[in-house]
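This report refers to the structure that appears directly beneath it.
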Amino acid sequence: MKEAIERLRREGPQRISAAATPDELEALRVALLGRKGELTLMLRGLKDVPADERPALGAELNRLKQELTALLDGKGQELSAGRDEGAVAGVDLTLPAPRGAGLGTAHPLVSILESICDIFYGMGFSRAEGPEVELDYYNFTALNFPDDHPARDIQDTFYISDAVCLRTQTSPMQVRIMEQQQPPLAYVIPGRVYRNENADASHSSEFYQIEGLVVDRDISMADLKSTVDTFVRLFFGAEEPTRFRPHFFPFTEPSVEVDMQCVACRGKGCGVCGQTGWLEIMGAGMVHPNVFRAAGYPDDAYTGFAFGMGIDRIAMLKYGIDDIRLLYENDLRFLQQFRGVQ
Ligand code: PHE
């Protein structure tokens, strides 16, 4: 008996480590520890051993059983891990993960949005955000849109009901802020807006704007111009000239569209700027008296300017992205390019 135990102690581990498949290992487990297994039979044979040797041999056998069980379990894990490894062909699953693997990263639109807001914080602006599902009143009526204005048309605006829509612009926050607060005030209001557009490389039915609003006594168009120029200089990092073109918005008077010199060609004319040398970056103007009235401000007490810029276009310019839809598809192959980019 003693010899048989010794032999099993020597050979058992070798046989276990030689098992090459989970099936072989299972067969070995039965051969050693099964009901008629080698070790089981030895345990049963204890009754034939002289009584004074029985306790020591019994203890020995139990220890051996524990050792073999542990070895069998360990080998089993090794073999099934090997099976997973085989399933992911060519990948060594035991390699440590690359640093930072699987960590998320800010979406390029979010990092642009935050860095734009940072620039305005530096100029003393506060930040506000408002509802994407908005009353028609704030999105249009309070902003001096006549009842029959084409922008209210269901073709441009997603209506939830007669009185409720998805905001088509961040401008409704102008009135919401002024209802709550007396001048002086300076706010940036970033957020998502919606228009019923057919998607193509430069149109998406959802996109981002940042609204700006400054109201005080004696705010002038010159303040607007210097604010815009400062923003362009700080954001694009160069002295790109800007220009104001007369335009029309119901809620500003006068209204302008602001262009900056094309960052790609420096004004010479190229594909990015449609050969004009200029890129449109925002709509802006002086707050219309009817908007102050809607907010409950006394007539002629204050002046202010407002602007609204599309973030998507700015992100596309900054990163050289040629299709706006890429920004909304959340394809990781696209997004991962912006890991660590500011
Ligand atoms: N809300 C306007 C738009 O979406 C932009 C704008 C904002 C114009 C503020 C003037 C003042 O086109």
Side-chain angles (χ1 to χ4, degrees), residues 109 113 116-117 120 123 125 127-132 134-146 149-153 155-158 165-178 185-197 202-216 219-228 231-232 242-260 279-295 302-315 324:
L109 280 175
L113 190 152
I116 292 176
C117 286
F120 285 100
M123 290 192 261
F125 285 61
R127 175 185 184 133
E129 287 180 25
E132 292 174 23
E134 181 57 285
L135 291 172
D136 173 271
Y137 172 77
Y138 285 109
N139 198 73
F140 294 121
T141 310
L143 290 171
N144 198 35
F145 279 77
H149 193 282
R152 293 182 180 236
D153 199 303
Q155 279 167 13
D156 291 329
T157 307
F158 289 111
C165 61
L166 298 184
R167 65 179 176 193
T168 60
Q169 49 187 354
T170 42
S171 303
M173 279 302 288
Q174 292 184 23
V175 178
R176 283 185 178 273
I177 287 172
M178 289 191 282
L185 53 87
Y187 276 94
V188 274
I189 308 118
R192 203 187 272 237
V193 303
Y194 301 86
R195 286 183 203 172
N196 197 350
E197 310 248 18
S202 50
H203 294 90
S204 161
S205 53
E206 48 181 324
F207 52 100
Y208 278 85
Q209 288 189 335
I210 293 184
E211 190 83 7
L213 176 68
V214 173
V215 183
D216 199 351
I219 295 290
S220 74
M221 203 94 174
D223 297 312
L224 169 61
K225 175 91 170 141
S226 70
T227 305
V228 170
F231 161 70
V232 168
T242 59
R243 70 175 186 188
F244 281 10
R245 270 182 297 109
H247 197 71
F248 173 79
F249 297 105
F251 41 95
T252 45
E253 181 60 35
S255 300
V256 293
E257 276 188 332
V258 181
D259 296 340
M260 62 179 279
L279 297 164
E280 182 202 321
I281 52 168
M282 61 174 83
M286 303 307 292
V287 178
H288 195 291
N290 285 349
V291 177
F292 285 143
R293 221 163 275 146
Y302 304 109
T303 55
F305 67 75
F307 59 81
M309 60 180 137
I311 300 315
D312 306 73
R313 228 176 107 70
I314 292 180
I324 191 173

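Order of listing sets the numbers, starting from 1, for every ligand and every atom in it.
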Give the atoms of ligand 1, by number and element, whose distance to some non-hydrogen atom of Q174 is under 4.0 Å. 9 (C)
For ligand 1, which atoms have a heavy atom of F307 less than 4.0 angstrom away? 7 (C), 9 (C), 11 (C)
Any atom of ligand 1 sitting under 4.0 Å from a heavy atom of R195? yes
Side-chain heavy atoms of T168 within contact of V193, under 4.5 Å: no
Interfacing atoms of ligand 1 (cut-off 4.0 Å, heavy-atom, A306): 9 (C), 11 (C)
Side-chain donor or acceptor of D312 paired with backbone N/O of Y208 under 3.5 Å: yes
At a 4.0 Å cut-off, with the gap strictly under it, does some heavy atom of M282 reach an atom of ligand 1? no
Cation-aromatic face contact R176/Y138, 6.0 Å, 45 degrees: yes
Under 3.5 Å between some N or O of ligand 1 and some N or O of E211? no
Looking only at distances, can you tell me whether any N or O atom of Q209, backbone or side chain, sits closer than 3.5 Å to an N or O atom of ligand 1? yes
In the protein, which heavy atom is nearest to atom 7 (C) of ligand 1, and how far is it? G308 N, 3.3 Å
Note, D156 side chain near R195 side chain (heavy atom, < 4.5 Å): no
Less than 3.5 Å apart, any donor N or O on the side chain of K225 or S220 sitting next to an acceptor on the other? no
Checking the N or O distance criterion of under 3.5 Å, is ligand 1 in contact with S171? yes
Residue part near ligand 1, for A284, under 4.0 Å between non-hydrogen atoms: backbone
Return the minimal non-hydrogen interatomic distance between S202 and I324, and the atom names on each side. C-CG2, 3.8 Å
What do you reckon, are the aromatic ring centroids of F120 and F307 less than 6.0 Å apart? yes
Note the single closest protein heavy atom to atom 12 (O) of ligand 1, along with its residue, its atom name and the distance in Å. F249 CE2, 3.7 Å
Note, N144 side chain near E253 side chain (heavy atom, < 4.5 Å): no
For ligand 1, which part of F251 has a heavy atom less than 4.0 Å away: the side chain, the backbone, both, or neither? side chain
